[in-house]
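Take a look at the structure below.
Atoms within a ligand are numbered from 1 in the order they appear, just like the ligands themselves.
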Amino acid sequence: MATDLAIRVEPGGMADLSDVMIAMSDAFDPEYGEAWTEAQCAGILGMPGSWLLIARSGADPAGFALLRTVADETELLLIAVRNRYRRQGIARALLDQAIGDAAADGVEMLHLEVRDGNPAVELYRGAGFVPIGVRRAYYRGRSGKVFDALTFKRRLGVN
Ligand SMILES: CC(C)(COP(=O)(O)OP(=O)(O)OC[C@H]1O[C@@H](n2cnc3c(N)ncnc32)[C@H](O)[C@@H]1OP(=O)(O)O)[C@@H](O)C(=O)NCCC(=O)NCCS
């Protein structure tokens with residue numbers, strides 16, 4: 001549950017939403033329209049099967065992952081790490097925890113969508129996700145520009 005930088009990855013809940021929003025506003029470039037509002041996060045977290053992992057350095061929120069499990073599939077809805085904490089393995093630690101937790105719950109497939117061109121694609125490929133499709137004009141950025149989404153899947157229990 002911890003990296004060698006004393007980052008802790010823990011389950012979160014509604015009480016952690018203010019910390020989630022600190023990471024959200026720091027991590028996402030508004031240009032691309034990927035970030036969620038607090039109301040959107042609260043709405044999802046209130047739904048059955050939704051879960052949150054939060055990474056902290058002491059009390060300081062470093063990043064989070066928001067997921068939703070339906071039957072034997074889990075969707076990674078969002079993952080974000082604040083700029084000052086990047087390239088230290090925190091997103092990978094969140095992802096590994098999510099994969100372990102989902103597998104322990106009997107989930108067989110993890111899937112996600114990511115903006116075409118987002119460097120997070122490298123994170124997902126490195127964690128064993130494979131591309132399965134494209135959703136055209138899935139994201140709408142601040143200036144009205146639209147961006148395709150790539151869909152990735154990772155079967156659990158297999159690297
Ligand atoms: C994507 C994001 C979560 C990565 O967080 P992170 O903690 O810096 O990632 P990690 O340190 O765990 O990276 C693990 C590996 O992923 C890849 N990776 C991560 N960020 C990368 C980048 N900007 N460019 C290329 N590869 C990257 C690398 O292979 C990296 O390993 P390395 O550092 O040994 O080369 C972070 O950049 C972020 O919050 N971005 C904005 C939010 C976002 O777009 N989220 C994804 C869509 S929901």
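The side-chain heavy atoms of Ser57 and Tyr85, taken from C-beta on, include a pair separated by under 4.5 Å. Side-chain contact between Trp36 and Ile44: present, with at least one pair of heavy atoms (C-beta onward) separated by less than 4.5 Å. Contact check for Val134 versus Asp116: no side-chain heavy atoms found under the 4.5 Å cut-off. Using a 4.5 Å heavy-atom cutoff, the side chains of Leu156 and Ile99 are in contact. The closest side-chain heavy-atom distance from Leu53 to Asp101 is below 4.5 Å. Glu10 is listed as a side-chain neighbour of Arg56, based on a closest heavy-atom distance under 4.5 Å. A heavy-atom distance below 4.5 Å is not found between the side chains of Leu112 and Thr151.
By the criterion of a heavy-atom distance under 4.0 Å, the backbone of Gln88, and not its side chain, is placed next to ligand 1. Of the heavy atoms in Trp36, none comes closer than 4.0 Å to ligand 1. Of the heavy atoms in Asn118, only side-chain atoms (C-beta onward) come closer than 4.0 Å to ligand 1.
Checking atom 34 (O) of ligand 1 against the protein gives no heavy-atom contact under 4.0 Å.
A donor-acceptor contact under 3.5 angstrom links the side chains of Tyr138 and Glu113, judged on distance only.
Taking distance alone, with nitrogen or oxygen atoms compared against 3.5 Å, Val114 stays at or beyond that limit from ligand 1. Residue Ala91 has at least one N or O atom closer than 3.5 Å to an N or O atom of ligand 1. Considering both main-chain and side-chain atoms, Leu78 never comes within under 3.5 Å of ligand 1 through any nitrogen or oxygen pair.
Here the heavy atom of the protein found nearest to atom 1 (C) of ligand 1 is Ala120 CB, 3.6 Å. Ranking protein heavy atoms by distance to atom 42 (C) of ligand 1, first place goes to Phe28 CE2, 3.4 Å. Summary of contacts: the protein heavy atom closest to atom 39 (O) of ligand 1 is Val81 N, 2.8 Å. The nearest protein atom to atom 15 (C) of ligand 1, hydrogens excluded, is given as Leu123 CD1, 4.2 Å; this is a heavy-atom distance. Atom 26 (N) of ligand 1 has Glu122 CB, 3.4 Å as its closest protein atom, hydrogens excluded (heavy atom only). Nearest protein neighbour of atom 45 (N) of ligand 1, counting heavy atoms only, is Ile79 O, 2.7 Å.
Closest heavy-atom contact between Leu77 and Arg68: CD1-CB, 3.9 Å.
One N or O on the side chain of Asn83 and one on the backbone of Asp26 form a donor-acceptor pair closer than 3.5 Å.
Between atom 36 (C) of ligand 1 and the options Arg115, Arg86, Arg82, the minimum heavy-atom separation is to Arg86. Scanning Arg125, Arg92, Arg87 for the heavy atom closest to atom 28 (C) of ligand 1 points to Arg87.
Taking the centre and axis of the six-membered ring of Tyr139, the NZ or CZ atom of Arg115 falls outside the cone set by 45° and 6.0 Å.
Which parts of ligand 1 touch Tyr124 is read off a 4.0 Å heavy-atom cut-off, strictly below it: atoms 46 (C), 47 (C). Less than 4.0 angstrom separates some heavy atom of Pro119 from each of these atoms of ligand 1: 22 (C), 23 (N), 24 (N). Every atom of ligand 1 with a heavy atom of Ala80 under 4.0 Å away is listed here by number and element: 39 (O).
For Gly89, the closest heavy-atom approach to ligand 1 falls below 4.0 Å.
The number of heavy atoms from other shown groups lying within 6.0 Å of CZ (Arg86) is above 12.
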